[in-house]
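Any value given below was found using the heavy atoms of this structure, including those in side chains, with hydrogens, waters and symmetry copies removed.
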Amino acid sequence: MACCDKSETDLWTIPLIALNVSVRKKLELYLNPRNMVAADWMVVAETMGFNYLEIQNYEATNNPTRKVLEGWQARSTDASVGKLLSVLTEVERKDIVEDLRPLIDEDVRKYCESLKKKSEPPVQVNDIDSCVPRDRVGLTLEDDPDGAPELFDAFICYCQSDFEFVHEMIRQLEQTDYKLKLCVFDRDVLPGSCVWTITSELIERRCKRMVVVISDEYLDSDACDFQTKFALSLCPGARNKRLIPVIYKSMAKPFPSILRFLTICDYTRPCTQAWFWIRLAKALSQP
């Protein structure tokens, strides 16, 4: 949890997600060009703990600095604004720190203000504010307004073009002996609520895990992007195996780097298809 209520914010508690596009683009301008005098993105990546093969993979991308930051955020529990500044100082890039520090401080200030607003009671009355989680009046079809909220084994992150596979997932995991309970937004969520707020509520509090259906269309979906990054922010380093990426058809686009450190459940390989549903069901059945 970020600590933003002190007179001087502890930057080591502020996640990288607080940094906006302008700061990240300036970092890319500083670090992407290969530099024989000052430390570039490769030195930064090595200091962050990436190995030789990982760095070689990043070198093949169009924007290695961006990919390194995304990968670091996905796999490391200590990826924070403070740690980033420490890494830049360690590799003797104080010029970057000095240039970007005012922008970083402003981003952190806005991030802390955003957190503070989220923690404050809503100004509007709950009954007419569609962007406030509606536990007492029900968010999903099976919610009991007078009892406990409906809980799920997994939230399914998908785009509309992959809905046929989601139907197959329902058949294989819910309508068999596995008897798992999946949260499928188009089927289970009541209309009339703020999409982002309700999605966050479901992923964080109602679902034990999240299955991410990866496809070329997924990569172009703002909703899927939000859901994935939000879930990752709840489990930095993927220590509790909360996210499970699934591939069910071949892709023309590269696999998302932000998920490349997670074990994949791959339906596209004929030699492992027989084990696909067993592995997925077992992963979702864990406490």
Check: For Leu151, which fellow cluster members are found when Ile, Leu, Val, Met, Phe, Trp and Tyr are connected by side-chain heavy-atom distances below 4.5 angstrom, either directly or through intermediates?
Finding: none

Margin query: Go through it in stages, so that I can follow the logic: the residues are Ser257 and Glu70, the test is side chain to side chain donor-acceptor pair (under 3.5 Å), and I'd like the CA-CA distance, side-chain angles, deciding distance and then a yes or no.
Written below: CA-CA 7 Å; Ser257 61; Glu70 290 177 351; 3.0 Å; yes

Next item on the list: Could you check Lys94 against Glu98 for salt bridge (charged side-chain N to carboxylate O under 4.0 Å, His left out), going step by step and ending with a plain yes or no?
Entry: CA-CA 6 Å; Lys94 292 183 180 179; Glu98 291 175 359; over 6 Å; no

Margin query: Between Tyr218 and Thr228, is there a side-chain donor-acceptor contact under 3.5 Å, judged purely by atom types and distance?
Written below: yes

Check: What distance do Arg269 atom CZ and Ile264 atom CD1 have between them, rounded to the nearest 0.5 Å?
Finding: 10.0 Å

Check: Is the side chain of Asn20 donor-acceptor paired with the backbone N or O of Asp107 at a distance under 3.5 Å, no angle test?
Finding: no

Next item on the list: Please report the C-alpha distance between Lys249 and Asp162 in whole Å, then the side-chain angles of each, then the deciding distance to 0.1 Å, and finally whether the salt bridge (charged side-chain N to carboxylate O under 4.0 Å, His left out) criterion is met.
Entry: CA-CA 10 Å; Lys249 62 182 179 181; Asp162 299 321; 3.4 Å; yes

Item checked: 4.5 Å side-chain heavy-atom contact, Leu259 and Phe255 -> yes

Notebook entry, point to check: For residues Asn32 and Asn63, is any side-chain donor paired with an opposing acceptor at under 3.5 Å?
Noted result: yes

Checklist line | Side-chain heavy atoms of Pro245 within contact of Leu262, under 4.5 Å | finding: yes

Next item on the list: Please lay out, stage by stage, how Asp40 and Arg34 fare under the test salt bridge (charged side-chain N to carboxylate O under 4.0 Å, His left out).
Entry: CA-CA 6 Å; Asp40 56 22; Arg34 295 303 307 274; 2.9 Å; yes

Notebook entry, point to check: Considering only heavy atoms from C-beta outward, does the side chain of Phe152 approach that of Leu182 to under 4.5 Å?
Noted result: no

Notebook entry, point to check: Are the side chain of Glu46 and the backbone of Val43 linked by a donor-acceptor contact shorter than 3.5 Å?
Noted result: no

Note to self: With heavy-atom distances below 4.5 Å as the criterion, would you say the side chains of Leu84 and Met48 are in contact?
What the structure shows: yes

Notebook entry, point to check: Side chains of Gln160 and Asp186: is there a donor and an acceptor less than 3.5 Å apart?
Noted result: yes

Check: Which distance, rounded to the nearest 0.5 Å, do you find between the CD of Glu28 and the CG of Asn62?
Finding: 11.5 Å

Notebook entry, point to check: Would a distance-only check, ignoring hydrogens and angles, find a side-chain to backbone donor-acceptor pair under 3.5 Å from Asp143 to Thr140?
Noted result: yes

Check: Ignoring hydrogens and geometry, is there a side-chain-to-backbone donor-acceptor pair from Asp225 to Ser221 under 3.5 Å?
Finding: no

Item checked: Side-chain donor-acceptor contact under 3.5 Å, Asp95 with Tyr30 -> no

Notebook entry, point to check: Just wondering, do Leu11 and Lys83 contact through their side chains at under 4.5 Å, heavy atoms?
Noted result: no

Check: Is there side-chain contact between Val195 and Phe226, with heavy atoms separated by less than 4.5 Å?
Finding: no

Item checked: Candidate list Lys208, Arg242, Lys181, Lys282, test salt bridge (Lys or Arg N to Asp or Glu O under 4.0 Å), partner Asp153, passing option -> Lys208

Next item on the list: Could you pull out all residues at least two apart from Trp275 that satisfy ring pair (Phe, Tyr, Trp, His ring centres under 6.0 Å)?
Entry: none

Checklist line | Distance in Å, Met42 CE paired with Thr65 OG1, rounded so as to fall on 0.5 Å steps | finding: 10.5 Å

Next item on the list: Working to the nearest 0.5 Å, report the span between CD of Gln172 and CG of Leu180.
Entry: 11.5 Å

Next item on the list: Sort out for me which residue in Phe163, Tyr267, Phe165 forms a ring pair (Phe, Tyr, Trp, His ring centres under 6.0 Å) with Tyr248.
Entry: Phe165

Note to self: Would you compute the distance between atom CG of Leu234 and atom NZ of Lys229 and round it to the nearest 0.5 angstrom?
What the structure shows: 14.5 Å

Check: When you look at Lys110 and Glu113, which way does the salt bridge (charged side-chain N to carboxylate O under 4.0 Å, His left out) test go after all the steps?
Finding: CA-CA 5 Å; Lys110 291 178 179 178; Glu113 286 183 353; over 6 Å; no

Next item on the list: Go through Ser215 and Glu217 one step at a time and tell me if the side chain to side chain donor-acceptor pair (under 3.5 Å) criterion holds.
Entry: CA-CA 5 Å; Ser215 65; Glu217 293 78 13; 3.3 Å; yes

Note to self: Using the rule given for side chain to side chain contact (heavy atoms under 4.5 Å, CB included), can you reason through Trp41 versus Leu27, listing the C-alpha separation, both sets of side-chain angles and the distance that settles it, and then say yes or no?
What the structure shows: CA-CA 9 Å; Trp41 71 268; Leu27 274 172; over 6 Å; no

Margin query: Please check: side-chain N/O of Ser86 versus main-chain N/O of Gly82, any donor-acceptor pairing under 3.5 Å?
Written below: no

Checklist line | side chain to side chain contact (heavy atoms under 4.5 Å, CB included) assessment of Val212 paired with Ile244 | finding: CA-CA 6 Å; Val212 186; Ile244 303 172; over 6 Å; no

Check: Between Arg101 and Ile96, is there a donor-acceptor pair closer than 3.5 Å when you use the side chain of the first and the backbone of the second?
Finding: no

Notebook entry, point to check: With hydrophobic residues grouped by side-chain heavy-atom distances under 4.5 Å, do Leu29 and Leu19 end up in a single group?
Noted result: no

Item checked: Intermediate values then yes/no, ring pair (Phe, Tyr, Trp, His ring centres under 6.0 Å), Phe185 and Tyr158 -> CA-CA 9 Å; Phe185 200 93; Tyr158 63 94; 8.4 Å; no

Notebook entry, point to check: Is it true that a side-chain atom of Arg206 and a backbone atom of Cys183 form a donor plus acceptor pair closer than 3.5 Å?
Noted result: no

Check: In Å, rounded to the nearest 0.5 Å, how long is the span from CD of Gln227 to CE of Met210?
Finding: 6.0 Å

